[in-house]
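For the numbers below, each heavy atom of this structure counts, side chains included, while hydrogens, waters and symmetry mates do not. As the structure is a prediction and not an experimental result, all values here were calculated from the model. Count residues from 1 along the sequence.
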Amino acid sequence: MLVVDDNKVIRQLIRVNLELEGLEVVTAADGAECLEVVHQVRPDVVTLDVVMPRLDGLRTAARLRADPRTRDVPLAIISACGHHEIEAGLEVGVDAFLAKPFEPAELVHMVGKLVERARGGGRECGGGPGVGGDGAQVKEVDLPAVP
């Protein structure tokens, strides 16, 4: 598990909640650092904030998807997700979105589904439209047409 966020408090909050669930968590402060460590860590899932210095979350996601070594790693955006972020995230291949502020249970649920998918335990969070049972996970959304 690789958690990428420029806010140290948020990184630690996410890390602690996921470690309590038994996951091994490595953190990075921005997208550039993520790209430096992702091949060493080989995470099951990467979570990304959108607004970060050096390399933002959406551009990081695009680079991860373009790299054959990381193209299949589930990616989740954990950020103040607005219409633009969701639309842009879907375009680059982000698998799930969680809006800040979030409940720890929503985080654990979303990451659990993505880890299960990464480990080959099922495809229910990939491919089909819908929202997870608690509303935390958005796979595909019907976006209104932009005039």
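Taking both residues in full, the closest heavy atoms of A62 and V92 are given as CB-CG1, 3.9 Å, listed atom of the first, atom of the second, then distance. When every heavy atom of L114 is checked against every heavy atom of P74, the shortest pair comes out as O-CG, 3.7 Å. A pairwise comparison of heavy atoms in C34 and L48 identifies SG-CD2, 4.5 Å as the closest pair. Residues T27 and R11 approach most closely at CB-CD, 3.7 Å, considering heavy atoms. Nearest heavy atom pair, residue P43 against residue L2, reads CB-N, 3.8 Å. Between A96 and M110, the shortest heavy-atom distance links the atoms CB-SD, 3.8 Å.
Within the 3.5 Å criterion, the main-chain N or O of H84 finds no donor-acceptor partner in the side chain of E87. In this structure, E33 contributes its side chain and A29 its backbone to a donor-acceptor pair below 3.5 Å. Between the side chain of N17 and the backbone N or O of L13, at least one donor-acceptor pair lies under 3.5 Å.
Side-chain contact check for R15 versus V3: every heavy-atom pair is 4.5 Å or farther apart. For the pair D67 and H39, the minimum side-chain heavy-atom distance is below 4.5 Å. Counting heavy atoms from C-beta outward, D30 and L55 have side chains that stay 4.5 Å or more apart. At least one side-chain heavy atom of I14 sits less than 4.5 Å from a side-chain heavy atom of I78. Proximity of R117 to V45: side-chain heavy atoms (C-beta onward) are nowhere separated by under 4.5 Å.
Of the inter-residue distances, the one linking E106 atom CD with H109 atom NE2 reads 9.5 Å to the nearest 0.5 angstrom. Atom CD of E103 sits about 10.0 Å away from atom CG of L98, to the nearest 0.5 Å. Here the CG-OG1 distance, from L75 to T60, works out to 9.5 Å after rounding to the nearest 0.5 Å. Once rounded to the nearest 0.5 Å, the distance linking CG of D5 with OG of S79 reads 7.5 Å.
Atom CD of Q12 is surrounded by more than 12 heavy atoms from other residues, nucleotides or ligands within 6.0 Å. The environment of R65 atom CZ is dense: over 12 non-hydrogen atoms of other residues, nucleotides or ligands sit within 6.0 angstrom.
Note on L64 and V51: same hydrophobic cluster, where clusters join Ile, Leu, Val, Met, Phe, Trp and Tyr whose side-chain heavy atoms are under 4.5 Å apart, directly or indirectly.
A salt bridge links D49 with K100: at least one charged nitrogen is closer than 4.0 Å to a carboxylate oxygen.
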| message | Could you go through I77 and E85, starting from their C-alpha distance and side-chain angles, then the distance that decides it, and tell me whether this counts as side chain to side chain contact (heavy atoms under 4.5 Å, CB included)? | response | CA-CA 9 Å; I77 294 289; E85 289 80 14; 5.6 Å; no
